[in-house]
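A short worksheet on the structure shown next.
Throughout, protein chains are lettered first and strands after them, A, B, ... in sequence-line order, and every chain is numbered starting at 1.
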Protein chains: 2
Amino acid sequence: MDRLSEMEAFAAVVDQGGFTGAAQKLGISKSAVSKHVSSLESRLGARLLNRTTRRVNPTDIGLVYYDRARSVLNAALQADAAVQGMQAEPTGTLQILAPSDYGACVLAPMVARYLEENPGVDVNLVLGHDLAEATRSDIDLSISLGAKPDSSLRSHKLDTVTRMLVASPAYLDRRGRPSRIEDLAQHVLLHQLESGNDPAWTLVSASGEARVVRTRGRLATNSGSCLKDSAIAGMGIAFLPDFLVSEAVARGQLQHAMPGLPAQTAPLFVAHAPSNGSLPRVRSFVQFLLDSYVEEPSVSDRAIA
Amino acid sequence: MDRLSEMEAFAAVVDQGGFTGAAQKLGISKSAVSKHVSSLESRLGARLLNRTTRRVNPTDIGLVYYDRARSVLNAALQADAAVQGMQAEPTGTLQILAPSDYGACVLAPMVARYLEENPGVDVNLVLGHDLAEATRSDIDLSISLGAKPDSSLRSHKLDTVTRMLVASPAYLDRRGRPSRIEDLAQHVLLHQLESGNDPAWTLVSASGEARVVRTRGRLATNSGSCLKDSAIAGMGIAFLPDFLVSEAVARGQLQHAMPGLPAQTAPLFVAHAPSNGSLPRVRSFVQFLLDSYVEEPSVSDRAIA
DNA sequence: GGAATTTTCCATAATATATGAACAGTATTT
DNA sequence: AAATACTGTTCATATATTATGGAAAATTCC
């Protein structure tokens with residue numbers, strides 16, 4: 001006997017003031033209503049309704065049970081509605097916050113594909129990871145590189161990004177190839193400006209220890225692609241993520257400046273507020289990202305697997 | 001398919017991290033758990049669990065549904081518990097607030113009977129309707145005469161109390177019998193002190209209008225029985241409820257002072273805070289009162305019926 | 001007191017359930 | 001690397017239970 005149906009039947013009887021009305025409202029036979037209520041009463045071991053053949057009045061026990069049953073039914077309704085809401089077609093405008101370079105190089109093409117698959121969703125892609133931006137309340141979803149997001153957020157690891165030291169062949173021929181981290185002090189280091197950070201790189205040496213290399217280049221910018229162009233132009237060594245430079249490396253415009261250096265990896269996360277986790281557009285985009293990275297994992301993640 | 005059982009099965013699977021554990025915890029077969037969850041999923045039209053044959057992980061939809069389902073189950077548990085609690089044997093100390101005279105004359109013998117029938121309950125009978133007492137938080141139940149209790153309280157009408165003008169035959173022979181309300185001004189009126197009230201009676205005349213009679217007696221007391229004794233002693237006319245004087249009237253010690261006056265009736269209510277309505281001792285005592293008054297209605301209520 | 005509604009009861013047909021074993025797949029362990 | 005142990009699902013069947021429509025019982029309204 002479905003206990004929820006029993007409660008529905010009982011509540012309907014109280015609402016309609018009779019079994020007949022309840023049966024009509026529920027679309028079942030009077031007998032069924034009677035049996036449901038009887039079963040409920042025997043299960044509880046208490047009389048819930050005072051039947052007077054002409055009128056049905058709830059017992060005082062029935063009265064308090066009615067309130068409880070209604071709240072149970074409401075909760076059940078909300079549970080169903082939550083699931084239905086999460087399965088609805090994604091709609092609205094998805095606000096995505098992402099690091100500038102990653103957003104421009106990697107995310108933008110993916111977003112384009114996502115938009116094609118999800119005609120109901122618009123995307124606002126906010127690039128640049130300022131804290132002021134990160135706390136904007138209308139951000140649905142943010143992508144971060146390196147640090148694992150705040151544990152108050154729901155996060156999924158998407159990928160492992162490798163950053164590498166690159167320079168143009170001409171530069172390396174002219175200035176020599178560094179073989180140890182200390183050798184970098186003799187080179188022109190093209191630094192990427194980050195808000196609030198000292199001009200320095202943190203590199204993990206072959207022995208596994210982190211070494212901080214102060215950069216003393218004549219050019220610094222916050223644009224990774226600008227930095228890449230400078231490196232291609234032979235202006236020095238840059239420390240850039242693979243997604244920015246792999247194409248230039250493949251074309252021979254850039255080379256690994258220090259092949260002996262172990263892979264400098266950082267995890268890539270997508271994160272969202274827990275309350276946004278049930279928004280279809282957020283769910284669908286996160287799933288889209290996860291699917292995309294599973295189909296086409298990066299070099300470093302493939303190596304791990 | 002019992003929807004609550006489905007939720008229980010699903011929640012158990014999430015808790016135990018597997019169908020086998022859930023089946024053991026619920027005491028049913030693995031097949032049943034599997035079917036319950038399958039049925040739930042198909043009813044919702046959503047996958048709730050990611051099965052990996054070795055481990056079961058809730059989908060993100062499943063995660064939010066788990067919370068909802070848990071609250072549904074909790075509410076259902078509370079609903080059952082509320083009914084069970086209301087059916088438990090009455091225990092504890094019942095705090096009753098009642099008007100002094102009514103409590104002494106009528107309620108005390110009834111309480112004695114109630115105590116015999118309910119060995120688990122003690123009674124504290126607080127007599128005297130001071131507002132300070134009425135708001136005491138440990139009062140389970142209060143009885144009031146005349147005014148209908150605050151609508152924030154649950155109240156039941158118990159009876160209709162008739163108040164009557166009485167005096168001793170000797171007094172009436174000596175001073176004459178009043179025939180009109182105005183005549184009362186020529187009499188000694190024995191007033192019952194009430195906190196905050198002017199010394200006056202409000203009488204309903206034969207024409208139905210309320211007349212206020214200022215009392216100017218030399219004796220006033222807050223004790224109804226003391227007033228009755230004074231009236232028996234021939235000291236004047238008293239205005240007292242039937243339960244106080246009917247015996248003396250029957251014995252001829254008192255007479256109706258003004259037989260032409262219509263019945264001066266006031267309803268008698270029992271009231272309790274809604275939150276106390278589910279306490280077995282409150283319920284049982286209220287029921288006891290109602291039963292007692294149904295079996296033995298007062299004269300005026302019998303006349304109405 | 002009669003009549004009309006209302007609930008409950010009853011027998012039947014249909015539906016649905018729980019079960020245990022067999023099946024298929026994966027993670028652990030040796 | 002292979003075998004094992006354990007997992008969830010599926011299947012057929014026997015058991016329970018359900019809903020239904022009509023008849024019966026009961027009580028209130030007129």
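- Heavy-atom contacts from other residues, nucleotides or ligands closer than 6.0 Å to CD of B:Gln87 number more than 12.
- An end-to-end axis angle of 40° holds for the helix from C:dG1-D:dC30 to C:dT30-D:dA1, taken from five base pairs per end and rounded to 10°.
- Within a 6.0 Å radius of CZ in B:Arg163, other residues, nucleotides and ligands contribute more than 12 heavy atoms.
- B:Lys157 and B:Thr160 are linked by a side-chain donor-acceptor pair at a separation below 3.5 angstrom, with hydrogens and angles left out of the test.
- Between A:Phe19 atom CZ and D:dT27 atom P the separation is 15 Å, expressed in whole Å.
- Aromatic ring orientation, A:Tyr65 versus A:Phe10: tilted (interplanar angle from 30° to 60°).
- B:Tyr114 and B:Ser292 share no side-chain donor-acceptor pair at under 3.5 Å.
- With a 4.5 Å cut-off on side-chain heavy atoms, A:Gln24 and A:Gln16 do not count as touching.
- Listed in residue order, the members of residues 23-33 of chain B having a heavy atom less than 4.0 Å from DNA chain C are B:Ile28, B:Ser29, B:Ser31, B:Ala32.
- Summary of the strand contacts: A:Thr52 and B:Lys35 both lie near DNA chain D, and taking for each the nucleotide with the nearest heavy atom, the more 5' one is attributed to B:Lys35.
- Of all nucleotides in DNA chain C having an atom under 4.0 Å from a heavy atom of chain A, the first and last in 5' to 3' order are C:dT5 to C:dC9.
- For the pair A:Asn50 CG and D:dT27 C1', the interatomic distance rounds to 14 Å; values are reported in whole Å.
- For CZ of B:Arg3, the number of neighbouring non-hydrogen atoms (other residues, nucleotides, ligands) closer than 6.0 Å is greater than 12.
- Taking a 6.0 Å sphere around CZ of B:Arg55, one finds it holds 12 or fewer heavy atoms contributed by other residues, nucleotides or ligands.
- Computed from coordinates, the A:Glu8 CD to D:dT18 C1' distance equals 16 Å when rounded to whole Å.
- Atom CD of B:Gln84 sits in a crowded spot, with more than 12 heavy atoms from other residues, nucleotides or ligands closer than 6.0 Å.
- At least one side-chain heavy atom of B:Ile96 sits under 4.5 Å from a side-chain heavy atom of B:Phe285.
- Atoms NE2 (B:His36) and C1' (D:dG8) sit 16 Å apart, rounded to a whole Å.
- Going from atom CD of A:Glu6 over to atom C1' of D:dA19 covers 14 Å, rounded to whole Å.
- The closest side-chain donor-acceptor pair between B:Gln287 and B:Asp291 falls under 3.5 angstrom.
- The phosphate of D:dA26 (OP1 or OP2) has no side-chain N or O of A:Arg51 nearer than 4.0 angstrom.
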